[in-house]
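Please read the structure below before turning to the comments.
Ligands are counted one by one from 1 in listed order, and the atoms in each one are counted from 1 as well. Counting from 1, the numbers follow the sequence of the chain as shown.
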Amino acid sequence: MSAESIVRRAVCPGSFDPVTNGHLDIISRAADLYDEIVVAVLVNKSKSSLFTVEERISLLTEVTQSYGNVRVDSFHGLLVEYCRARQIPVIVKGLRAVSDFDYELQMAQMNRGLAGVDTLFMPTNPEYSFLASSLVKEIATYGGDVSSLLPELVHKRLLERLEEQTRARRADSGQLR
Ligand code: PNS
C-alpha cells in the first residue's frame with residue numbers, strides 16, 4: 001500500500017448527551033488533523049441519559065455534516081475492541097483542565113497496554129474549559145441560559161426535551177391527584 005493510500009483515521013469517543021460546543025471544538029480540530037474522524041457514542045445501558053443513542057447520533061450527524069470527513073457511530077463494550085475491529089489506531093480526547101488529566105492518563109495507558117491504541121490529548125479552547133454536558137443539562141433544567149454553549153439545533157432540542165419532561169411530570173402528578 002502506498003503512503004498516499006493510507007487513510008489516517010481517529011476516533012472521538014464519548015457519551016455526547018448532548019453534544020456541546022466543547023465537543024465540537026475537539027471534533028473539528030481532529031478533523032483537520034486526520035483523514036477521517038469517527039465520533040463514537042458509548043451505549044451505556046446502566047447510565048440514564050436525556051437523549052437516546054439514536055437521538056445523540058442524529059444530533060452529532062447534523063452538527064458535524066459540514067466537516068466532510070466526520071462520521072458518527074455507536075459502540076458498546078471496550079473502546080479498544082471497537083478500534084481494533086475498524087483499524088483505528090488513535091483515540092482523540094479533549095482535556096479541559098488538569099483535573100481531567102489523572103483519569104484520562106490512566107485510561108490512555110490502559111488502552112495502549114490492552115491493544116496498542118494510542119491517545120492524543122488535545123487541550124480544549126479555554127472558552128470551554130468549564131463545559132460539561134451534565135452541567136449544561138442541570139443549568140437548563142433550572143431555566144439558565146445555555147444557548148452560547150451548544151450548537152443552535154442542540155439547544156433547541158434540549159429545551160424541547162426538558163419541556164416534554166416537565167409536561168409528562170405534570171400529567172403524572174395530575175393523574176395521581
Ligand atoms: O463522554 P464520557 O462519558 O466522558 O466518555 C467516556 C468514554 C466513553 C470515552 C469512556 O468511558 C470509554 O472509553 N468507555 C468505553 C469502555 C472502555 O473501553 N473502558 C475501559 C477504559 S480504559
Side-chain angles (χ1 to χ4, degrees), residues 8-31 33-34 36-64 67 70-141 146 148-151 153-155 157-158 161-162:
R8 293 171 317 122
R9 196 176 285 132
V11 65
C12 290
S15 302
F16 303 104
D17 186 38
V19 56
T20 67
N21 286 342
H23 293 128
L24 269 190
D25 169 47
I26 298 298
I27 295 168
S28 64
R29 286 159 56 201
L33 295 175
Y34 290 90
E36 187 180 308
I37 292 294
V38 181
V39 177
V41 180
L42 174 67
V43 179
N44 187 351
K45 296 225 160 65
S46 62
K47 201 168 149 190
S48 70
S49 59
L50 188 61
F51 292 96
T52 65
V53 170
E54 291 70 28
E55 289 169 334
R56 284 179 263 161
I57 289 176
S58 159
L59 286 172
L60 276 159
T61 304
E62 291 191 59
V63 300
T64 58
Y67 302 142
V70 175
R71 61 188 179 82
V72 187
D73 195 7
S74 63
F75 77 105
H76 51 84
L78 286 179
L79 177 60
V80 289
E81 289 303 332
Y82 178 87
C83 292
R84 200 172 359 216
R86 286 155 189 83
Q87 281 106 44
I88 301 176
V90 180
I91 300 164
V92 176
K93 285 287 193 77
L95 284 184
R96 290 166 295 191
V98 180
S99 51
D100 280 343
F101 188 70
D102 274 356
Y103 186 50
E104 290 296 343
L105 179 66
Q106 203 181 358
M107 283 201 287
Q109 288 171 330
M110 190 61 91
N111 285 333
R112 168 94 189 148
L114 279 173
V117 178
D118 257 318
T119 299
L120 181 100
F121 290 130
M122 207 179 253
T124 54
N125 185 327
E127 208 184 320
Y128 305 125
S129 60
F130 55 88
L131 185 48
S133 299
S134 53
L135 274 183
V136 166
K137 286 182 282 190
E138 186 175 329
I139 294 163
T141 302
V146 291
S148 63
L149 307 176
L150 302 168
L153 169 74
V154 179
H155 182 237
R157 298 264 170 89
L158 173 64
R161 176 54 45 88
L162 293 175

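There is no protein heavy atom less than 4.0 angstrom from atom 6 (C) of ligand 1. Remark: atom 12 (C) of ligand 1 lies closer than 4.0 Å to no protein heavy atom.
The ligand atoms of ligand 1 that sit less than 4.0 angstrom from a heavy atom of Asn111 are 22 (S). Residue-ligand proximity, Met110 to ligand 1, at heavy-atom distances under 4.0 Å covers atoms 22 (S). Counting atoms of ligand 1 from 1 in the listed order, those under 4.0 Å from a heavy atom of Phe75 are 15 (C). Near Lys93, meaning under 4.0 Å from any of its heavy atoms, are these atoms of ligand 1: 9 (C). Heavy-atom proximity to Leu79, at under 4.0 Å, picks out these atoms of ligand 1: 13 (O), 17 (C), 18 (O).
Contacts of Leu42 with ligand 1, taken as heavy-atom pairs under 4.0 Å, involve the side chain alone. Heavy atoms of Gln106 found under 4.0 angstrom from ligand 1: none, in either backbone or side chain. With a 4.0 Å cut-off on non-hydrogen atoms, Leu114 does not touch ligand 1 at all.
With hydrogens left out, the protein atom closest to atom 3 (O) of ligand 1 is Ser15 OG, 2.6 Å, a heavy atom. From the protein, the heavy atom lying nearest to atom 10 (C) of ligand 1 is Met107 SD, 4.3 Å. For atom 19 (N) of ligand 1, the closest non-hydrogen atom of the protein is Leu78 CD2, 3.9 Å.
Phe75 has its side chain out of reach of Val11: every pair of non-hydrogen atoms, C-beta onward, lies at least 4.5 Å apart. The shortest distance between side-chain heavy atoms of His76 and Lys45 does not fall below 4.5 Å. Within the 4.5 Å cutoff, side-chain heavy atoms of Val146 are placed close to those of Leu158. Within the 4.5 Å cutoff, no side-chain heavy atoms of Pro18 are placed close to those of His23. You'll find the side chain of Arg161 reaches within 4.5 Å of the side chain of Phe51, heavy atoms only. No side-chain heavy atom of Glu36 sits under 4.5 Å from any side-chain heavy atom of Arg8.
Checking Ser46 against Asn44 by side-chain atom types alone, a donor-acceptor pair falls below 3.5 Å.
More than 12 heavy-atom neighbours from other residues, nucleotides or ligands sit within 6.0 angstrom of CD on Glu81.
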Working for salt bridge (Lys or Arg N to Asp or Glu O under 4.0 Å), residues Arg157 and Glu55: CA-CA 10 Å; Arg157 298 264 170 89; Glu55 289 169 334; over 6 Å; no
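In this structure, CZ on Phe16 lies 4.5 Å from CD1 on Ile27, to the nearest 0.5 angstrom.
Between Pro13 and ligand 1, not a single N/O pair is under 3.5 Å apart.
Under the 4.0 angstrom criterion for non-hydrogen atoms, Gly77 is in contact with ligand 1.
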